[in-house]
Amino acid sequence: MMGFIRFVDRLSTAVGKAFAWLIVALTLHIVWEVLARYLFNRPSAWAFDLQMMYYGIMFMMAGAYTLAKNGHVRGDILYGFLPPRVQAGLDLLLYVVFFLPGVTAMVWAGWYYAGESIAIREHSSLMADGPPIYPFKVFIPIAGAFLLLQGIAEILRCALCLRLGAWPRRAEDVEEVDVEKLKEMVHVKDEDIAELDRYAVDQGHRP
């Protein structure tokens, strides 16, 4: 079971990191569009649509990665104070009642939604000759499938927690800077910071 969970975690991480590079393409596209518009007076009619597609694909394909890293926002402020088994029970209930039906519907409906768009070679309707958007819509069921696979791994993770009484450890990844962890890494104590503050105040009061 743990082998499957780790495989899905690695897959979601690899996909999320790969599509994160779209932010570079999006940035370069915006820079070029600004230069083309204000320096060369040759703006692109497709600029707005393509920027939305870049962002939309990146956003959708990062869903499974975010779930693998437990990065989605929780609305319950009491959740963190509950024992691991209670947390796992609540998560399992919510995954079965809400997550699985919702994401399965997303994949099912997205498949037909993308299929219809491909069949008619759908283009953007914001302008007379808009860019094709059926390649963008193909990513809806693909992103849903990755999210569903990661959700199954999370359900298995909940089952392990219920059995063992503790959450299985997740793979480490890039995280925001934690002040306490940073102080531990550089061996800085609160007393040292307080002493430095007192020294700075004394120096400021000297003429």
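Everything numeric here is computed off the predicted structure, so don't read it as measured data.
Residues Ile155 and Leu100 meet the side-chain proximity criterion, which asks for heavy atoms closer than 4.5 Å. The side-chain heavy atoms of Ile152 and Val8, taken from C-beta on, include no pair separated by under 4.5 Å. Counting heavy atoms from C-beta on, the side chains of Ser44 and Glu33 come closer than 4.5 Å. Residues Phe7 and Arg10 form a side-chain contact, since some pair of their non-hydrogen atoms from C-beta on lies under 4.5 Å apart. Pro135 has its side chain out of reach of Met53: every pair of non-hydrogen atoms, C-beta onward, lies at least 4.5 Å apart. Counting heavy atoms from C-beta on, the side chains of Phe98 and Leu93 never come closer than 4.5 Å. Side-chain contact check for Met61 versus Ile142: some heavy-atom pair is nearer than 4.5 Å. No side-chain heavy atom of Phe136 sits less than 4.5 Å from a side-chain heavy atom of Asp49.
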> When you look at Thr13 and Lys69, which way does the side-chain hydrogen bond (donor to acceptor under 3.5 Å, both in side chains) test go after all the steps?
Replying inline: CA-CA 8 Å; Thr13 300; Lys69 302 307 175 186; 3.2 Å; yes
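Few gaps surround CE on Met58; more than 12 heavy atoms of other groups in view lie less than 6.0 Å from it. The number of heavy atoms from other shown groups lying within 6.0 Å of CZ (Phe4) is above 12. The environment of Trp167 atom CH2 is dense: over 12 non-hydrogen atoms of other residues, nucleotides or ligands sit within 6.0 angstrom. Around OH of Tyr113, the count of heavy atoms belonging to other residues, nucleotides or ligands within 6.0 Å does not exceed 12.
The hydrophobic cluster containing Leu82, built from Ile/Leu/Val/Met/Phe/Trp/Tyr side-chain heavy atoms closer than 4.5 Å, also comprises Val86, Leu90.
Here CZ of Arg6 is found 10.0 Å from CZ of Arg169. Values are rounded to the nearest 0.5 Å. For the atom pair CE (Met1) and CG (Leu156), the distance works out to 5.0 Å, reported to the nearest 0.5 Å. Separating the CD1 atom in Ile120 from the OH atom in Tyr134 is a distance of 11.0 Å, to the nearest 0.5 Å. With rounding to the nearest 0.5 Å, the separation of NE2 in His123 from CH2 in Trp46 is 6.0 Å. With rounding to the nearest 0.5 Å, the separation of CE in Met52 from CG in Leu26 is 10.5 Å. The structure places CH2 of Trp32 at 13.0 Å from CZ of Arg37, a figure rounded to the nearest 0.5 Å.
For Cys158 against Asp91, the heavy-atom pair with the smallest separation is SG-CB, 3.5 Å. Across all non-hydrogen atoms, the minimal contact from Pro84 to Cys161 is O-SG, 3.4 Å. In plain terms, the two heavy atoms of Ala25 and Tyr54 that are nearest each other are O-CE1, 4.4 Å. The shortest non-hydrogen separation linking Phe99 to Gly151 is CE2-CA, 3.4 Å. Across all their heavy atoms, Met2 and Leu160 have their closest contact at SD-CD1, 3.6 Å. When all heavy atoms of Ala68 and Ser12 are compared, the closest pair comes out as CB-CB, 4.1 Å.
Under the 4.5 Å side-chain heavy-atom criterion for ILVMFWY residues, no single connected hydrophobic cluster contains both Leu39 and Ile30. Note on Val96: it does not cluster hydrophobically with Leu94, by side-chain heavy-atom contacts below 4.5 Å among ILVMFWY residues. Clustering ILVMFWY residues whenever any of their side-chain heavy atoms sit less than 4.5 angstrom apart, transitively, puts Val97 in a cluster other than the one holding Met106. Val103 and Ile140 are not part of a single hydrophobic cluster, where members link through side-chain heavy atoms under 4.5 Å apart. At a threshold of 4.5 Å between side-chain heavy atoms, the hydrophobic network of Ile, Leu, Val, Met, Phe, Trp and Tyr places Leu28 and Leu50 in one connected group.
Checked for salt-bridge contact, Arg170 and Glu154 meet the test: a charged N lies under 4.0 Å from a carboxylate O.
Counting only distance, with no hydrogens or angles, the side chain of Arg85 and the backbone of Leu162 share a donor-acceptor pair below 3.5 Å. A distance-only check finds no donor-acceptor pair linking the side chain of His72 to the backbone of Asn70 [under 3.5 Å]. Listed for the Gln51 side chain is no donor-acceptor partner under 3.5 Å among the backbone atoms of His29.
Checked against a 6.0 Å centroid threshold, the rings of Phe19 and Phe139 count as neighbours.
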